[in-house]
Amino acid sequence: MLSELSEWFWQERLWFPEGLGWADLEDRDGRVYAKARDLWVALPIALVFLIIRQIFERAVATPLASLLGLKDTARLKAPHNPTLESYYQNITKNPTQNSIASLCKQTGYSERQVQRWFRRRRNEDRPSLLKKFREASWRFTFYLLAFIAGLAALIDKPWLYDLKEMWQGFPVLTLLPSQYWYYMIELGFYGSLLFSVASDVKRKDFKEQIVHHVATILLISFSWCVNYIRAGTLIMLVHDSSDYFLESAKMFNYAGWRNACNYIFIVFAAIFIITRLVIFPFWIIYCTWVYPVTIYEPFFGYYFFNGLLMILQCLHIFWAVLIIRIAIRFLTNNEKVDDERSDKDETDESEEEEEREMEDKKGMKKNGPVQNGHTVHNNNHSKTE
C-alpha cells in the first residue's frame with residue numbers, strides 16, 4: 001500500500017514537464033543536483049534553532065530589553081476562586097452581564113469584584129512585554145542575517161537582475177553550496193516556528209500565520225524537489241527584505257521608544273508594499289506563471305507551485321490592509337503605532353478610573369461640582385464672569 005502510494009506520489013508526470021524526469025537530476029560529471037532526501041537535513045536544523053533560540057532569548061534578548069529600558073508592568077493576580085475559575089476555564093473568559101449577576105449570587109462577590117477578577121484572570125493568560133520583546137528580537141536577528149546571507153548568495157547571479165535567467169537550462173540546474181545552505185536554513189527556521197507555535201505569542205491572525213508557515217514550507221520543499229531553486233531563492237530574499245524592519249519596530253514599541261517604533265514601521269510599510277504587492281506579483285509570479293509556458297507545457301507541479309505563490313499573495317494583501325490602516329492612523333492623527341493583531345492588557349488603571357468616577361458622582365451629590373477630588377467653589381458667580 002505504502003509503496004504504491006509512494007510510486008504514485010513520485011511519478012514524473014506530476015513533477016516534471018513532458019520528456020523530463022528524475023534521471024535528469026542524477027549527479028554526473030561533477031555536477032550536483034537537489035534531491036528530495038536532502039530535505040531531512042532541515043529537521044535537525046529546526047531542533048538546533050529551538051535550542052539556539054532559548055539561549056539567545058536568555059543571554060542576549062533579556063539583557064537587551066533591560067538596556068533599552070523595557071519595563072514590564074507587574075500584574076495583579078486574581079484571587080483563587082473555584083467557581084469563577086471553573087466558569088473561566090469551561091464556559092467563557094468574557095461573561096455577559098446576566099452571567100456576572102448569577103456569579104455574584106454564587107460567590108458573594110459584588111459585580112465590580114467579579115468584573116475585576118475576570119479582568120485580572122485574562123491578563124494572567126496574556127504574554128508579558130518581555131516575552132513579546134524576546135520573540136521579536138529573535139526573529140529580527142534571524143531575518144536580518146538571512147537577508148544579508150541571501151543577498152550575498154545572489155548578488156553575483158544573473159537571475160537576480162534578469163528573472164528569465166532562472167529558467168535557463170531548467171531543470172538541469174547545478175546546485176551551488178550557497179543555495180543548499182540558504183534553503184536548509186530557511187526551511188529549518190520555518191520548521192522551528194511550527195514546533196514553537198504553541199508557546200509563542202498568539203495573535204489574532206494566528207490561523208493566517210499557520211497557513212503562511214505551512215505554505216512556505218511546502219513551497220520551499222517543492223521548489224527544492226523539482227529544481228525550482230533559483231525562483232525559490234528569489235522568493236525567500238523578497239520575503240526577508242522587510243520582515244526584520246517589522247520585528248525591530250516591535251522591539252522599540254515594547255521598550256517604549258515611540259518615535260523610533262513609528263518611523264521604522266513606516267519604512268517597513270513602504271518596503272513591504274513595494275516587495276510584496278509590486279515586485280512579488282508583477283515580477284516573480286509573472287515570471288513563474290507566464291514565462292515557463294513559453295518553454296514547456298504546463299504540468300501539475302507548475303500549477304501547484306504557482307498555487308502556493310497565490311496563497312502567499314492573498315496573505316500579503318490581508319497583511320497589507322492591516323499595515324496601511326496602522327500607517328494612515330499614524331500619519332493623519334500622529335497616533336502610536338500598535339500591532340492590531342495583539343491583545344492588549346486590561347490594566348487595573350481602568351478600575352481606578354471607574355472608582356474615581358464613582359467617588360466623583362458621590363461628591364457631586366453631596367457637595368455639588370468637584371474638580372480633582374475637591375469641591376469647586378464658584379461663590380454663585382455665573383459662567384460669563
Side-chain angles (χ1 to χ4, degrees), residues 132 135-136 138-140 142-144 146-147 150-151 160 163 186 189-190 193-194 197 200-220 223 231-254 258-290 305-344:
K132 292 179 180 180
E135 180 180 315
W138 164 246
R139 297 194 185 199
F140 162 77
F142 174 82
Y143 290 135
L144 178 60
F147 175 70
L151 193 60
L160 178 63
L163 296 185
E186 287 273 358
F189 177 74
Y190 282 103
L193 292 183
L194 273 185
V197 71
D200 285 346
V201 175
K202 190 172 182 179
R203 294 182 169 85
K204 295 176 183 177
D205 65 343
F206 175 76
K207 294 180 180 178
E208 289 82 1
Q209 287 283 357
I210 294 295
V211 171
H212 175 269
H213 296 339
V214 172
T216 300
I217 289 172
L218 288 175
L219 186 61
I220 293 174
S223 64
T233 54
L234 289 175
I235 293 168
M236 290 188 293
L237 182 68
V238 165
H239 281 73
D240 290 336
S241 64
S242 63
D243 287 342
Y244 61 90
F245 281 106
L246 175 61
E247 299 304 330
S248 62
K250 289 180 185 178
M251 291 166 61
F252 284 113
N253 180 38
Y254 301 144
R258 175 176 176 179
N259 289 335
C261 167
N262 289 348
Y263 293 119
I264 292 174
F265 182 84
I266 294 302
V267 173
F268 157 74
I271 295 176
F272 184 95
I273 291 170
I274 292 171
T275 56
R276 307 290 182 92
L277 300 187
V278 179
I279 294 176
F280 186 71
F282 296 108
W283 269 266
I284 293 181
I285 292 183
Y286 177 85
C287 206
T288 60
W289 189 274
V290 177
F305 182 75
N306 284 286
L308 291 175
L309 293 184
M310 294 307 296
I311 291 175
L312 286 182
Q313 186 56 32
C314 290
L315 292 172
H316 294 165
I317 295 171
F318 169 79
W319 283 317
V321 171
L322 296 180
I323 291 167
I324 291 171
R325 282 170 54 187
I326 296 172
I328 290 175
R329 194 164 64 238
F330 162 65
L331 291 173
T332 56
N333 301 324
N334 196 30
E335 293 184 11
K336 179 182 176 182
V337 169
D338 269 324
D339 189 352
E340 291 191 349
R341 304 172 303 156
S342 297
D343 288 332
K344 298 176 180 61

Look at E247 together with K250 and state whether they make a salt bridge at an N to O cut-off of under 4.0 Å. yes
d(Q313 CD, I284 CD1) to nearest 0.5 Å is 10.5 Å
What is the distance from atom CZ of F252 to atom CD1 of I264, rounded to the nearest 0.5 Å? 4.5 Å
Could you go through the side-chain contact (heavy atoms from CB on, under 4.5 Å) check for I285 and V290 one step at a time? CA-CA 8 Å; I285 292 183; V290 177; over 6 Å; no
Quick one: does any side-chain atom of R276 pair with a main-chain N or O of H239 as donor and acceptor, under 3.5 Å? yes
Would you give the length of the straight line joining atom CD1 of I271 to atom CG of L246, rounded to the nearest 0.5 angstrom? 11.5 Å
Roughly how far apart are H213 NE2 and L193 CG, rounded to 0.5 Å? 4.5 Å
Checking side-chain contact (heavy atoms from CB on, under 4.5 Å) for the pair V238/L234: CA distance, chi angles, key distance, verdict? CA-CA 6 Å; V238 165; L234 289 175; 5.6 Å; no
Side chains of I210 and V214 in contact at under 4.5 Å (non-hydrogen atoms): yes
Do you know which two heavy atoms are closest between A249 and C261, and how far apart they sit? O-SG, 3.4 Å
Test side-chain contact (heavy atoms from CB on, under 4.5 Å) on D240 and Y244 and set out the steps. CA-CA 7 Å; D240 290 336; Y244 61 90; 5.9 Å; no
Indicate the atoms forming the closest heavy-atom contact of S223 with G232, along with that distance. OG-CA, 4.4 Å
Which heavy atom of F268 sits nearest to which heavy atom of S242, and what is that distance? CD1-O, 3.2 Å
L219 and F305: which non-hydrogen atoms are nearest, and at how many Å? CD1-CE1, 3.4 Å
Find the distance between CZ (F140) and CG (D243) and round it off to the nearest 0.5 Å. 12.0 Å
Does F272 have its ring centroid less than 6.0 Å away from the ring centroid of F280? no
Taking atom OH of Y143 and atom CZ of F189, what is their separation to the nearest 0.5 Å? 4.5 Å
Under the 3.5 angstrom rule, does the side chain of N306 hit a backbone N or O of T288 as a donor-acceptor pair? yes
Are T216 and I220 close enough, and set up right, to give a side-chain contact (heavy atoms from CB on, under 4.5 Å), and what steps lead you there? CA-CA 6 Å; T216 300; I220 293 174; 3.8 Å; yes
Which heavy atom in L237 sits nearest to a heavy atom in G150, and how many Å separate them? CD1-C, 3.8 Å
